[in-house]
Amino acid sequence: MTSETSFREKGRAAFLAALVVMSVFAMAASLPGAVAAQDETLDAGSSNINEDDVWIGQEVEISNLSSPADLMQDSDTVQNLRVNNDSATIDTSELDEGRYYIQHGEGEEPAETGVFWVNEHNVNVDFEDSTVEQGDNVTLNYEDTSDEPRNDSDVEVHVSAELGNETVGQEDLESILPDGESVEGEDDTVAISDLSEGVEADFSEQDTGNYEFTVDVTDTTAEDTAEITVGEEPETDAQFDESTYEENVGDVAEFEIEHDGTDNLTVNMTDEEEFYTASIEITGVEGEDNVTVQYNTYLAGHGNGDEVVTVLNDEGEELTGENVEVNVTEELENDENQLGDDERLLPGDYELEVFPGTADETEDETDAAVLLLEERSTGDMNTWALAGDDFDAAGVDLEDIEDSAVSTDSVADEDRLVVGVEASGIYGYALDDDGNWDGHETLELEFEDTEEPRYGDADSFTLDDISNDQVIVDEDEDRFFVVVDADEVVDEDDEEIDETWNVTFSVSEDNDYVDDEETVETQFNVEEAFVELVGDQDEDDRFQIDNSNESELTAETNLAPGTDGDFRLRTTSEVYTSDAEVDGDGVLTTTFNLSGHEAGDEIQTLRVTAGDEPEHEAEGVFVSADGDDQPDKKDGFKLDASAPSEVNLDDNATLDVTVVNNNDEAGNATLEVTVGDEEYTEELELDTGDSVTESFDFDTSEEGDIDWSVETPDDSDSGTLTVSDKVKENGEANGANGDNGANGGNGDNGDNGDDANGADDGEDDETVPGFGVAVAIVALLGAAMLATRRQN
């Protein structure tokens, strides 16, 4: 016996390449329903076997053999072969993996074939999804995991299955695996060939439960199992989130659909005369709980197909064109099956029906709603001023306008001018695909200077001259805003900026939705921006600044709220600076700690700036914060409050408060009163010089001190009432009476009451500052009691 190396050398030198004839499914092709024996055939003639492959379990026929013949491995005889008609059959089922050859013929040196390989065949099968629902299809994947994989198209398998512990019958098995064929002589089994692309399994009509499929390669020992769980087919449902939707013709209508158990939806739309119908088929909304359908009423009915509808997810992101496909089919009861060039969908009621599934799967609708398309309109126009610091039109949004802009018809040249237009029925054609303003030939917004020059035309510009990102669209509220720099509106050559402009929005008669031109207009002024310090000044026009630790500086401006500003105060030894922001009243305010300066010290520089350019600079002087160097101010809402300091338990006691308007004009003020735990607030409105008196009762049912206070924005007072239960002697009682008499001694005020009564000739009693007739009488009685006590 020669060595393994000599075998290889002899085989390669003496014989041609091996001829392998694989008979895969030959009989299956010729005999439907039967399975062909899958054999390997090797030709020993001229020792042609050369590194060929066979797999354990196959029967291998060796042709052109001489007798006797033996199957050899290394130098050992593995099997004695029976040669009939020059051929022998080898059963590989019991062989180990490895290299083998055939020794055959008589003589001292029998012939030897080349080497062939016996390999173990290994396969892996599994379903693409481990869990499916009734009605689903799923792929059974096949993979050859052998060291020397076979060609999948040459492999045939037998497949059987169990549901729970019960065998799946032949009829059900063929329904699940429609590519399989029955196997002659084997029940509840199907044969499948060509596994290169897997096997499609259909569970649409099968029972639920856990299935185990056994896949057995017919000509080898390879076998594997695959498990899958089939669940109940979920109930499908689709519902509109509202029963009625409203939109204007020419705009984009929206309706939201909530769906379960389906990745596909169909919406049918029909007008009230059944002239126009549309079917909207939406597929691939897997993973989306709800979808919003946007329906462009301007494009509808004009053969625009899928452009009519856009689908959004819960976050407002567009799904159309990604995983979601939309197919829109429109039909009209006219010869052209679409509207004319100058025709659009008419206002009216449009019935909506929604079905879970695609159009060919739908049976009954699961919900219905109505889309009310109404006439379009052109509404009002308004103007606002918006702070222009670091202006970036692209950065302006609707929230900026609603929260920061102030409604006005005058705007400073450093502000942003905002023009708001109320209009519906234009957003289906005036916006681009991203929802930004794109304009339309039938829509125009024009700005025109009202001052006509001596020669030529007045200055003007339109939306065509403005960047699209300066137009902010609020389609939900049927309005849009145009934001421009105010200084771009005025002529830079003007020495004094003070111009009035007209703004006109028009929908021309060429628009498909109007018969005659519609217009709306407004006016606004552009003023030169200013800022100026305000406050008390002395005879030298110097601002008087308190030397307090919270000294307040104030300035006024015509710039919009939110505009940045700053204050600067310089003394001989220090510099104070502070940022500020214009509030809703056009005021800038800041506070400095100036307590280290003496009254009379000069302020070298007092300056305020706002925006980019406006500035006001003035001189100042420090004044005493306690007001010793200033006369008492008589202006404001002043108080006169009186209450007893001590009363006996359960005695009556009141706090009387008089408020006088000492201002030079009528005004409003808030009176705040606290009596013990009780708080009172009253809004007062008084002409100049007028007064009002209010009384508040004390609760004297318990001993103790009751604090009280009164306050207006300009004045305040406070005190304490003591309630006691002390039994007093006569002298003390008299003394107490004397005290009460002292209170009555406010008879001076009573005299005022006498004056009021004396002024009965045409004068109203209410002209008595702080008191009426009844209060004056009480004061007179108090004075009389005091006089009696003194005589005693």
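Fair warning: this is a prediction, and the values are worked out from it, not measured in the lab.
Side-chain atoms of T139 and E200 include a donor-acceptor pair closer than 3.5 Å. When only modelled atom types and interatomic distance are considered, T609 and D566 share a side-chain donor-acceptor pair under 3.5 Å. When only modelled atom types and interatomic distance are considered, T310 and Q294 share no side-chain donor-acceptor pair under 3.5 Å. Between the side chains of S204 and D202, at least one donor N or O lies within less than 3.5 Å of an accepting N or O. A donor atom on one side chain and an acceptor atom on the other are found under 3.5 Å apart for E330 and Y276. Remark: the E683 side chain and the T670 side chain contain an N/O donor-acceptor pair separated by less than 3.5 Å. Between the side chains of T590 and S578, at least one donor N or O sits under 3.5 Å from an acceptor N or O. If you check the side chains of S467 and D469, you find a donor sitting under 3.5 Å from an acceptor.
Judged purely by atom type and a 3.5 angstrom limit, N141 has no side-chain atom pairing as donor or acceptor with the backbone of G198. Between the side chain of S424 and the backbone N or O of S377, at least one donor-acceptor pair lies under 3.5 Å. In terms of modelled atom types and a separation under 3.5 Å, the side chain of N334 and the main chain of N337 share a donor-acceptor contact. Not one N or O on the side chain of D413 forms a donor-acceptor pair closer than 3.5 Å with the backbone of A486. Between the side chain of T297 and the backbone N or O of D251, at least one donor-acceptor pair lies under 3.5 Å. With hydrogens and angles ignored, the 3.5 Å screen pairs no side-chain donor or acceptor of E581 with any backbone N or O of L588. A side-chain donor-acceptor contact under 3.5 Å links D271 to the backbone of E274. Using a distance-only test at 3.5 Å, with no hydrogens or angles considered, a donor-acceptor pair links the side chain of N313 to the main chain of E315. At distances below 3.5 Å, not a single donor-acceptor pair connects side-chain atoms of T277 with backbone N or O atoms of T270. Checked by atom type and distance alone, the side chain of N558 pairs as donor or acceptor with a backbone atom of E528 at under 3.5 Å.
Expressed to the nearest 0.5 Å, how far CG of N436 lies from CG of D438 amounts to 9.0 Å. To the nearest 0.5 Å, the span separating CD on E552 from OG1 on T591 amounts to 5.0 Å. Taking CG of D478 as the start and CD1 of I426 as the end, the distance is 8.5 Å to the nearest 0.5 Å. The structure places CD of E246 at 5.5 Å from CG of L372, a figure rounded to the nearest 0.5 Å. Distance NE2/H440 to CG/L463: 14.0 Å, rounded to 0.5 Å. With values rounded to the nearest 0.5 angstrom, D464 atom CG is found 11.0 Å from E441 atom CD.
The shortest non-hydrogen separation linking A430 to L443 is CB-CD1, 3.8 Å. Closest approach of G584 to P561, counting heavy atoms only: CA-CG, 3.9 Å. Listed here is the closest heavy atom pair of T519 and S506: CG2-CB, 3.6 Å. Annotation for T262 and L265: closest pair CG2-CD2, 4.2 Å, computed over non-hydrogen atoms. Residue E556 comes nearest to V587 through the heavy atom pair CG-CG2, 4.4 Å, listed as atom of the first residue, atom of the second, then distance. Contact detail for L299 and N304: the closest heavy-atom pair is O-ND2, 2.7 Å.
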Please test S404 against L386 for side-chain contact (heavy atoms from CB on, under 4.5 Å), starting from the C-alpha separation and ending with a verdict.
CA-CA 7 Å; S404 304; L386 192 64; 3.7 Å; yes
Take Q239 and D237 through the side-chain hydrogen bond (donor to acceptor under 3.5 Å, both in side chains) test and state the conclusion after the steps.
CA-CA 7 Å; Q239 298 286 321; D237 189 31; 3.1 Å; yes
Start with the C-alpha distance between V354 and F240, add both sets of side-chain angles, then the distance that settles side-chain contact (heavy atoms from CB on, under 4.5 Å), and finish with yes or no.
CA-CA 8 Å; V354 63; F240 293 109; 3.7 Å; yes
Run the side-chain contact (heavy atoms from CB on, under 4.5 Å) test on V484 and I466 for me, step by step, so that the C-alpha distance in whole Å, both residues' side-chain angles and the decisive distance to 0.1 Å come before the verdict.
CA-CA 8 Å; V484 295; I466 298 174; 3.8 Å; yes
Walk me through it: do V324 and I282 pass the test side-chain contact (heavy atoms from CB on, under 4.5 Å)?
CA-CA 7 Å; V324 175; I282 305 167; 3.6 Å; yes
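For the pairing with F524, the side-chain contact (heavy atoms from CB on, under 4.5 Å) check across V489, T500, N502, V418 returns one residue only, V489.
Considering only heavy atoms from C-beta on, S407 stays 4.5 Å or farther from T383 through its side chain. Contact of the E475 side chain with the V252 side chain is registered, since non-hydrogen atoms from C-beta on lie closer than 4.5 Å. In this structure, V483 and I472 have side chains that are in contact, with non-hydrogen atoms separated by less than 4.5 Å. Considering only heavy atoms from C-beta on, T266 stays 4.5 Å or farther from I280 through its side chain. For the pair D415/D485, no side-chain contact is recorded, criterion being any heavy-atom separation below 4.5 Å from C-beta on. Between L533 and F543, some side-chain heavy-atom pair lies under the 4.5 Å cut-off. At a threshold of 4.5 Å between non-hydrogen side-chain atoms, the residues F255 and V267 count as touching. The shortest side-chain heavy-atom distance between L559 and V531 does not fall under the 4.5 Å cut-off.
Using a 4.0 Å cut-off between a side-chain N of Lys or Arg and a carboxylate O of Asp or Glu, E518 and R376 qualify as a salt bridge.
D432 CG: more than 12 foreign heavy atoms inside a 6.0 Å radius. Atom CD of E272 is surrounded by more than 12 heavy atoms from other residues, nucleotides or ligands within 6.0 Å. Counting heavy atoms of neighbouring residues, nucleotides and ligands inside a 6.0 Å radius, atom CD of E517 exceeds 12 of them. Within a 6.0 Å radius of CG in D515, no more than 12 heavy atoms belonging to other residues, nucleotides or ligands are found. The 12-atom threshold is not exceeded at CD of E685, counting heavy atoms of other residues, nucleotides or ligands nearer than 6.0 Å.
In this pair, Y576 and F592 present their aromatic rings tilted. The plane angle is within the 30 to 60° band.
Judged as a ring-ring contact (aromatic ring centres under 6.0 Å, His included), the pairs with a partner in residues 286-317 (not counting sequence neighbours) are, in order, Y298-Y429.
The aromatic ring centroids of Y350 and Y245 lie 6.0 Å or more from each other.
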